[in-house]
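Basis for what follows: all heavy atoms, side chains included, without hydrogens, waters or symmetry-related copies.
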Amino acid sequence: MKIATWNVNSVKARKERLLAWLAKHSPDVFCLQELKTEDARFPLEEVRAAGYEAALHGQKTYNGVAILSRTPMRDLRAGLDDGVDDAQARLIAATVGDLRVLSAYVPNGSEVGSDKWAYKLAWLERLAAYLERHHDPGQRLLLCGDLNIAPDDSDVARPDEWKDSVLCAPPARAAFQKLVRWGLCDVLRQAHPQGGVYSWWDYRMLGFPKNNGLRIDHILATPELAKLARSAQVDRDERKGQSPSDHAPVVAEFAL
DNA sequence: ATGGTTGCTTAGCAA
């Protein structure tokens, strides 16, 4: 079973790339982030024609997440489901077979110390509470998406340049470790323990040509599921060419 | 070097 996650940075701007990627890689489950569009404007017919069902939690202009699946999904849940008044569409969950799948777009946080930074840390706390409330580490659970955290310096091409950023600051990394301690394994790290694998390169300052990358997109799995991982990688080629997203897809194969 | 680029929406925000 092939699982993938990709921050597309606008599904409308990336429609042709998305359809081409589906045709080429045929993931069984594909988590998407930053759709930047309402559900009614998602290219549903084209995605269906490619052989996928879609669970959508869209939003105009910003955010928006989805899960695509070749087989039927059930028990869809959008949002953090905690009663907080929050208009930002950043989480959707669905069950595929006996697998619970979460597609998450964690807030970027802008600058350390800003209001957006506080929202990021609060959102991560709410995500941890969501896991406690709805799940346990004994289940087959996948948390996929743009978590906007580079867990370790080995996930950053230029650690000194990024150490004070919202992607690397200690409170963000501590929030990631809290998810790990709860019972989520970092499947991509497991496949590349030496690091040096990146999933995002800033459009600015020639980020990709200089390979000034960070690993902020993740496939996390509960322990029994992580043991079934057979491969995990970043499709770095998707970052190349005309009109790429600033993120590359992360792909993992499971013996399921 | 508070720079630089992209997308959405149309001047300014978010990343």
Side-chain angles (χ1 to χ4, degrees), chain A residues 5-21 31-44 46 56-66 79 86-92 103-124 127 144-151 155-169 171-173 175-176 198-218 234-250:
Chain A
T5 182
W6 188 22
N7 178 323
V8 293
N9 186 17
S10 167
V11 74
K12 282 183 278 184
R14 225 63 62 202
K15 185 174 87 170
E16 295 310 320
R17 277 186 176 256
L18 172 63
L19 295 172
W21 205 90
C31 295
L32 304 176
Q33 301 86 36
E34 272 209 273
L35 304 178
K36 294 186 170 181
T37 192
E38 296 158 296
D39 293 354
R41 292 173 173 271
F42 183 89
L44 192 56
E46 293 94 329
L56 303 175
H57 184 35
Q59 181 184 336
K60 186 182 161 100
T61 311
Y62 303 119
N63 311 313
V65 287
D86 188 343
Q88 300 192 29
R90 294 182 175 277
L91 184 70
I92 188 165
S103 177
Y105 176 44
V106 172
N108 170 281
S110 187
E111 296 287 335
V112 171
S114 67
D115 290 350
K116 291 189 179 70
W117 171 245
Y119 174 70
K120 176 181 194 169
L121 297 180
W123 200 94
L124 285 160
L127 177 62
C144 302
D146 177 2
L147 303 190
N148 267 314
I149 302 167
D155 301 312
V156 185
R158 302 180 184 184
D160 286 349
E161 186 175 314
W162 291 92
K163 65 177 164 49
D164 298 324
S165 76
V166 291
L167 306 178
C168 299
R173 287 181 167 172
F176 185 92
Y198 315 123
S199 67
W200 174 81
W201 299 260
D202 203 322
Y203 285 131
R204 298 165 289 186
M205 302 296 284
L206 301 172
F208 188 68
K210 292 178 175 173
N211 197 29
N212 188 3
L214 295 90
R215 190 173 69 96
I216 61 176
D217 299 271
H218 300 283
V234 171
D235 179 18
R236 201 174 181 285
D237 287 343
E238 181 53 46
R239 184 62 175 76
K240 300 174 182 174
Q242 279 249 280
S243 301
S245 170
D246 44 354
H247 297 252
V250 179

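For the residue pair A/Thr5/A/Gln33, the side-chain donor-acceptor check at 3.5 Å is satisfied.
When every heavy atom of A/Ala248 is checked against every heavy atom of A/Val234, the shortest pair comes out as CB-CG1, 3.7 Å.
The separation of B/dA1 from B/dT10, taken at their C1' atoms, amounts to 29 Å, rounded to a whole angstrom. Rounded to a whole angstrom, the distance from the C1' atom of B/dG4 to that of B/dA15 is 13 Å. With C1' as the reference atom, B/dG7 and B/dA11 are 14 Å apart, rounded to whole Å. Using atom C1' as the reference point in both B/dA14 and B/dT9, the two lie 12 Å apart (nearest Å).
In this pair, A/His247 and A/Trp200 present their aromatic rings tilted. The plane angle is within the 30 to 60° band.
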Sequence-aligned protein contact record of nucleotides 6-15 of chain B, with B where the base is within under 4.0 Å of a protein heavy atom and S where only the sugar-phosphate is: SSSS---BSB
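Looking at A/Asp217, A/Ile216, A/Leu124, A/Val106 one by one, the single match for side-chain contact (heavy atoms from CB on, under 4.5 Å) with A/Leu147 turns out to be A/Val106.
A salt bridge between A/Glu111 and A/Lys116 is absent, with no side-chain N of the basic residue lying under 4.0 Å from a carboxylate O of the acidic one.
Annotation: cation-pi geometry not satisfied between A/Arg215 and A/Tyr198 (NZ/CZ under 6.0 angstrom from ring centroid, within 45° of ring axis).
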